[in-house]
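Below is one structure. I have some questions about it.
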Amino acid sequence: MSTSLSIAGRTFGGDFSQVGSLPKACGHRVLYFHLIGRGDFPIYEGGIPAERFEALLINLRNKGFAFISIQEALESKTSLKGTISLCSDDGFASNYSVTLPILKVLRIPFTLFINGCSIDNSRMAWNHSLAYLRTRISEPALRAMLPGLVSRFGLTETGDPDSTLFTVGYQRRDEMIDWLWEHFELPDQKKLLNENKPFLSVEQLRNLTSGQADIALHGNTHADFSRLSYSEIRDEIVNNIKALEDVKLQWKPWLAFPYGRQCSTWNMDKLSRELGIERFFGIRCRWNDNRPGELLWQRCSIEMESFNPWRELMLKPLYRELRSH
């Protein structure tokens with residue numbers, strides 16, 4: 001029986017004797033999603049139908065994977081095999097109305113990585129504001145005004161309107177959104193949030209953490225940490241923590257990078273020392289990631305319709321491992 005796999009001179013541990021024994025070959029994997037069910041309020045383009053979400057989890061369990069909490073995974077003293085932790089980003093209300101009932105039946109714990117500014121529908125993070133705005137602006141209208149936006153807000157022209165808007169500097173994001181909101185005469189954001197309530201309320205978050213879920217950090221305003229200075233990153237995390245503690249919500253010292261774009265190792269080490277962050281999460285899982293003692297762990301998205309466990313949990317991590325050497 002083969003207990004390793006050699007590719008291009010590299011040897012990977014695991015039981016590769018049978019394709020069907022995927023859990024025996026894989027180390028610990030962390031799967032993430034944002035929205036389960038149909039989002040009636042257009043601030044996120046992705047999402048997974050509830051039926052497909054439930055079927056995927058059952059399929060993974062039937063293949064031999066065991067679902068454990070991130071806390072349990074982090075407490076392991078040895079490298080795990082065939083285990084999965086589940087988590088959700090941004091704090092959408094569907095985690096309470098749709099996700100929780102499914103996970104209760106399946107007895108699967110999960111972690112909510114929460115943006116501080118959106119708790120209790122206080123405000124939209126700027127990326128959610130932009131997503132809503134893009135559903136109200138036609139492509140020709142946006143392209144026509146893009147040169148003016150580039151000049152006014154110091155954007156970098158990329159050839160793609162959405163990518164160009166995302167080049168706005170950290171300090172001018174809200175200014176740009178507010179200007180666009182006023183220019184296109186969109187409804188008041190507070191009124192929109194009050195009517196639609198797309199994010200989790202404090203009461204819902206408390207109910208979730210009373211048994212099934214943990215709460216952790218996702219930055220205060222869903223900023224791209226890879227583009228920020230250390231002081232800006234620190235402010236994002238401090239404000240995220242403050243937003244949780246202001247409403248007396250317990251939180252875990254873990255941070256999932258918005259967009260999966262991680263900051264430097266130097267910054268992570270400093271944030272760990274100064275703020276007590278015990279684990280960071282990106283989205284570029286390699287074969288040997290997620291081992292005890294590592295400060296940075298990686299996750300795999302389950303949001304694509306074509307999600308295939310063999311490809312996403314094994315082949316892609318193997319490929320990235322090879323590319324990194």
Side-chain angles (χ1 to χ4, degrees), residues 30 32-35 43-44 69-71 74 85 87-93 95-96 110-131 166 168-174 177 189 193 198-206 208-209 213-264 266-283 295-299:
V30 182
Y32 77 98
F33 61 93
H34 291 78
L35 191 65
I43 55 175
Y44 184 72
S69 67
I70 289 179
Q71 183 70 56
L74 295 178
S85 294
C87 54
S88 176
D89 289 356
D90 293 10
F92 289 117
N95 281 298
Y96 189 79
F110 70 124
T111 296
L112 296 161
F113 288 102
I114 301 294
N115 297 123
C117 73
S118 299
I119 294 172
D120 223 5
N121 293 285
S122 297
R123 57 176 280 206
M124 291 184 241
W126 90 275
N127 61 307
H128 298 136
S129 297
L130 184 59
F166 264 81
V168 66
Y170 177 69
Q171 302 296 340
R172 303 199 68 186
R173 298 171 308 152
D174 292 337
I177 286 294
Q189 286 201 29
L193 289 171
F199 299 106
L200 289 160
S201 68
V202 172
E203 182 180 0
Q204 289 171 332
L205 284 164
R206 286 182 181 143
L208 282 161
T209 56
D214 289 320
I215 291 177
L217 311 172
H218 199 41
N220 197 52
T221 65
H222 208 281
D224 181 351
F225 280 32
S226 70
R227 298 177 58 203
L228 304 186
S229 67
Y230 178 77
S231 61
E232 290 169 337
I233 294 171
R234 192 181 190 282
D235 286 346
E236 274 286 314
I237 298 174
V238 168
N239 288 332
N240 193 172
I241 293 170
K242 183 178 185 301
L244 292 166
E245 293 186 344
D246 280 349
V247 291
K248 297 179 172 54
L249 288 169
Q250 295 185 341
W251 55 278
K252 298 290 185 178
W254 317 324
L255 171 76
F257 290 110
Y259 315 107
R261 298 171 191 164
Q262 63 202 52
C263 60
S264 69
W266 185 89
N267 280 338
M268 282 186 273
D269 287 338
K270 192 171 183 180
L271 291 166
S272 180
R273 293 193 305 270
E274 292 189 359
L275 300 180
I277 306 302
E278 296 177 0
R279 199 68 83 240
F280 297 88
F281 292 85
I283 59 169
L295 187 59
L296 176 64
W297 280 23
Q298 302 285 0
R299 307 185 295 167

Establish, from distance only, whether the side-chain atoms of Glu278 and Ser272 form a donor-acceptor pair under 3.5 Å. no

Test of ring centre spacing under 6.0 Å for Trp251 and Phe113: no

Which word best sums up how the rings of Phe33 and Phe110 line up, parallel for under 30°, tilted for 30 to 60°, or perpendicular for over 60°? parallel

Is there a side-chain contact between Val30 and Gln298, using heavy atoms and a 4.5 Å cut-off? no

Test item: Ser129 and Gln189 side chains (from C-beta on) under 4.5 Å apart, heavy atoms: yes

Considering only residues two or more places apart or on different chains, which pairs with a residue in residues 213-228 satisfy salt bridge (Lys or Arg N to Asp or Glu O under 4.0 Å)? Asp224-Arg261

Glu232 side chain to Ser229 main-chain N or O, any donor-acceptor pair under 3.5 Å? yes

Take Leu296 and Phe257 through the test side-chain contact (heavy atoms from CB on, under 4.5 Å) and record every step on the way to the result. CA-CA 10 Å; Leu296 176 64; Phe257 290 110; 4.1 Å; yes

Student check: side-chain heavy atoms of Ile233 and Leu271 closer than 4.5 Å: yes

Ile241 vs Leu217, side-chain contact (heavy atoms from CB on, under 4.5 Å): CA-CA, chis, key distance, verdict: CA-CA 7 Å; Ile241 293 170; Leu217 311 172; 3.9 Å; yes

Hey, could you give me the CZ/CD1 distance between Phe92 and Ile43, rounded to the nearest 0.5 Å? 4.5 Å

Please answer whether the main-chain N or O of Arg123 pairs with a side-chain N or O of Ser118 as donor and acceptor at a distance below 3.5 Å. yes

Determine whether a donor-acceptor pair (N or O, by modelled atom type, separation under 3.5 Å) exists between the side chain of Tyr259 and the backbone of His222. yes

Please name the pair of heavy atoms, one in His218 and one in Ala256, separated by the smallest distance, quoted to 0.1 Å. ND1-O, 2.7 Å

For Ser88 and Asn95, which I'm curious about, is there any donor-acceptor pair between the side chains at under 3.5 Å? yes

Whether Thr209 side chain and Leu205 backbone form a donor-acceptor pair below 3.5 Å: yes

Tell me whether Arg299 is salt-bridged to Asp89, with the criterion being a basic N under 4.0 Å from an acidic carboxylate O. yes

Considering only heavy atoms from C-beta outward, does the side chain of Val168 approach that of Trp126 to under 4.5 Å? yes

Quick check for you: to the nearest 0.5 Å, what is the distance between Lys270 atom NZ and Ser264 atom OG? 10.0 Å

Assess, by modelled atom type and distance only, whether the side chains of Tyr96 and Glu203 contain a donor and an acceptor separated by less than 3.5 Å. no

In sequence, state the C-alpha distance, the side-chain angles, and the governing distance for Leu208 and Leu200, and then conclude on side-chain contact (heavy atoms from CB on, under 4.5 Å). CA-CA 10 Å; Leu208 282 161; Leu200 289 160; 3.9 Å; yes

Side chain to side chain contact (heavy atoms under 4.5 Å, CB included) with Val238: which residues, sequence neighbours excluded? Arg234, Leu275

Ring-plane angle category for Trp254 and Phe281, please: parallel below 30°, perpendicular beyond 60°, tilted otherwise. perpendicular

Between Asp90 and His128, is any side-chain donor less than 3.5 angstrom from a side-chain acceptor? yes

Please examine the side chains of Ile277 and Ile237, heavy atoms only from C-beta on, and report whether any two atoms are closer than 4.5 Å. yes

Quick one: does Ile119's side chain get under 4.5 Å of Leu244's, heavy atoms only? yes

To the nearest 0.5 angstrom, please state how far the NZ atom of Lys252 sits from the CD1 atom of Ile70. 10.5 Å

Gln250 atom CD: more than 12 heavy-atom contacts under 6.0 Å: no

Begin from the C-alpha positions of Arg173 and Ile177 and carry the test side-chain contact (heavy atoms from CB on, under 4.5 Å) through to its verdict. CA-CA 6 Å; Arg173 298 171 308 152; Ile177 286 294; 5.7 Å; no

So, taking the atom named CZ in Arg279 and the one named CE in Met268, what distance separates them when rounded to the nearest 0.5 Å? 11.5 Å

Looking at side-chain heavy atoms only, is the closest gap between Gln262 and Phe280 below 4.5 Å? no

Is the side chain of Asn239 donor-acceptor paired with the backbone N or O of Asp235 at a distance under 3.5 Å, no angle test? yes

Heavy-atom distance under 4.5 Å between the side chains of Asp174 and Thr221, does that happen here? no

Got a donor-acceptor contact below 3.5 angstrom from the Asn240 side chain to the Gly219 backbone? yes

Checking Gln204 side chain against Ser201 main chain: does a donor-acceptor pair fall under 3.5 Å? yes

